[in-house]
Amino acid sequence: MLRLLAAHPALEVRTVTAHSQAGERLRRVHPHLASYRNMVLQDTTPEALAGHDVVIFALPHGASGALAAGMGDDTLLVDCGADHRLESANDWNDYYGGEWAGAWTYGMPELPRVEGPSQRERLAGARTIAVPGCNVTALTFAFAPLVADHLVTPSSLSAVLAVGPSGAGKKPTPTNVAAELIGQAVPYSPDGSHRHNPEVRQNLRNASGQSVQITFAPVLVPMARGILATAHAQVKPGVTRAMLRASFERHLDGEPFFGLLPEGEWPRTGDVLGSNRVAIGVGLDERAGQAVIVTAIDNLGKGTAGAAIQNINLALGLDECLGLSINGVAP
């Protein structure tokens, strides 16, 4: 987030806060952020956050709700964590537990909606925004056009996601430190218990008006960042490869951060790293009757920080693409 904000022509970072590292120089904690010079990390308190036009939370779940309650109505609040994504208290209790903080405007402007204003219209002028989860972003864009156009059976959705360990959080664990991860792939929460599950279902329900069933398995792989989601769904009788591609072309027409690859080509994570781009490949396994969709994102770009800045731009009436790039940084 700080790296992207440093190059944003209309936003200036005035305060950066922390918890255990409060009092440290920002560049000591993140030496690559050279432009922040001698900025010092402050304690994360309502007093430190007061008086800003925009406040961005990047906290563990359950932490931003109390802080947000102490902020004034004239501040744009953007939560990169999970606290305000889910519209259902039951879903929150089922997957997270603890007090549900309520739903904020959902920060996915490209999400189709079966009724009411578009998601982009909802974000224009919003004062509280919930940034989507990174796996959610990769999966929503794999399935949303097809379920919205009723081309696939909504109870047949499945996916496997290759995920860099930055997508599993910063805290070191035996499964995501390099000594354990290099040389192997490690699945996590493959049995429907992943906390992004209800958020994906919520998005696809809002896109199609249908209840959906989805199972997906994230797999940690030895790349620092990036998500490659390979998704499958049973197509309805008579659905062709051309109809699948036409669905994506129609829903993604004019979207600045989406790239539908030519038929027969598939995305790679290296091509989107450092960008706010979603690369999509679409095919049809005719023998199995399955749509095949592959999406690639940078989990720290369009998967989190880039999406947050895109939503801030919309909420403030700025050019949606300001400070964001579709170009990756490969190699």
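All values below come from the heavy atoms of this structure, side chains included, with hydrogens, waters and symmetry mates left out.
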Find the distance between [atom1] ([X]) and [atom2] ([Y]) and round it off to the nearest 0.5 Å.
{"X": "Q310", "Y": "L324", "atom1": "CD", "atom2": "CG", "value": "6.5 Å"}
{"X": "I297", "Y": "R225", "atom1": "CD1", "atom2": "CZ", "value": "11.0 Å"}
{"X": "I293", "Y": "L244", "atom1": "CD1", "atom2": "CG", "value": "7.5 Å"}
{"X": "L33", "Y": "L2", "atom1": "CG", "atom2": "CG", "value": "5.5 Å"}
{"X": "R127", "Y": "D73", "atom1": "CZ", "atom2": "CG", "value": "9.0 Å"}
{"X": "R27", "Y": "L41", "atom1": "CZ", "atom2": "CG", "value": "13.0 Å"}

With side chains defined as the heavy atoms from C-beta onward, is the minimum distance between [X] and [Y] less than 4.5 Å?
{"X": "V221", "Y": "L228", "answer": "no"}
{"X": "V292", "Y": "W266", "answer": "yes"}
{"X": "T44", "Y": "F57", "answer": "no"}
{"X": "P267", "Y": "V272", "answer": "no"}
{"X": "L318", "Y": "H8", "answer": "yes"}
{"X": "F257", "Y": "C321", "answer": "yes"}
{"X": "W104", "Y": "I129", "answer": "no"}
{"X": "M223", "Y": "T269", "answer": "yes"}

Do [X] and [Y] sit in one hydrophobic cluster, given that two such residues count as connected whenever their side-chain heavy atoms are within less than 4.5 Å of each other, even indirectly?
{"X": "V294", "Y": "I214", "value": "no"}
{"X": "L139", "Y": "V160", "value": "no"}
{"X": "L49", "Y": "I56", "value": "no"}
{"X": "V278", "Y": "F248", "value": "yes"}
{"X": "L67", "Y": "V54", "value": "no"}

Is the backbone of [Y] close enough, under 3.5 Å, to the side chain of [X] for a donor and an acceptor to pair up by distance?
{"X": "N299", "Y": "G226", "value": "yes"}
{"X": "D298", "Y": "L273", "value": "no"}
{"X": "N93", "Y": "A89", "value": "yes"}
{"X": "D83", "Y": "G62", "value": "yes"}
{"X": "R37", "Y": "S35", "value": "yes"}
{"X": "T137", "Y": "G303", "value": "no"}
{"X": "R241", "Y": "L284", "value": "yes"}

Between [X] and [Y], is any side-chain donor less than 3.5 angstrom from a side-chain acceptor?
{"X": "N206", "Y": "E87", "value": "yes"}
{"X": "D91", "Y": "Q202", "value": "no"}
{"X": "T15", "Y": "H52", "value": "yes"}

Please report, to 0.1 Å, the donor-acceptor pairs under 3.5 Å made by any side chain of residues 142-154, with sequence neighbours excluded.
residue, atom, partner, partner atom, Å
D149, OD1, H251, NE2, 3.1
D149, OD2, S247, OG, 2.7
D149, OD2, R250, NH2, 2.6
D149, OD2, H251, NE2, 3.2
H150, ND1, Q210, NE2, 3.1

| field | Greater than 12 external heavy atoms within 6.0 Å of R120's CZ | value | yes
| query | Is the number of heavy atoms from other residues, nucleotides or ligands within 6.0 Å of CG (D191) greater than 12? | reply | yes
| said: Parallel, tilted or perpendicular, judged at 30° and 60°: which one describes the rings of H61 and W92? | reply: perpendicular
Closest non-hydrogen atom pair between [X] and [Y], with its separation:
{"X": "G107", "Y": "N311", "value": "O-ND2, 2.9 Å"}
{"X": "P190", "Y": "T215", "value": "O-OG1, 4.3 Å"}
{"X": "A291", "Y": "V235", "value": "N-CG1, 3.6 Å"}
{"X": "G81", "Y": "R85", "value": "O-NE, 3.1 Å"}
{"X": "T304", "Y": "C80", "value": "CG2-CB, 4.0 Å"}
{"X": "A48", "Y": "D43", "value": "CB-O, 3.3 Å"}

| Can you name the residues that form a side chain to side chain donor-acceptor pair (under 3.5 Å) with E12, not counting sequence neighbours? | R14
| query | Tell me the salt bridge (Lys or Arg N to Asp or Glu O under 4.0 Å) pairs involving residues 45-54, sequence neighbours left out? | reply | none
| request: Could you name each residue pair satisfying salt bridge (Lys or Arg N to Asp or Glu O under 4.0 Å) that touches residues 92-109, not counting sequence neighbours? | output: none
| said: Run the side-chain contact (heavy atoms from CB on, under 4.5 Å) test on V200 and L157 for me, step by step, so that the C-alpha distance in whole Å, both residues' side-chain angles and the decisive distance to 0.1 Å come before the verdict. | reply: CA-CA 11 Å; V200 178; L157 311 182; over 6 Å; no
| Residues K302, E110; criterion salt bridge (Lys or Arg N to Asp or Glu O under 4.0 Å); working and verdict | CA-CA 12 Å; K302 181 59 171 170; E110 306 91 350; 2.9 Å; yes
| query | Restricting to pairs with a member in residues 178-225, which pass ring pair (Phe, Tyr, Trp, His ring centres under 6.0 Å), not counting sequence neighbours? | reply | Y188-H194, H194-H196, H194-F216
| Sequence neighbours excluded, every pair satisfying side chain to side chain donor-acceptor pair (under 3.5 Å) that has a member inside residues 281-297 | none
| request: Let me see the working for E199 and Y95 under side-chain contact (heavy atoms from CB on, under 4.5 Å), right down to the final yes or no. | output: CA-CA 10 Å; E199 191 181 341; Y95 279 82; over 6 Å; no
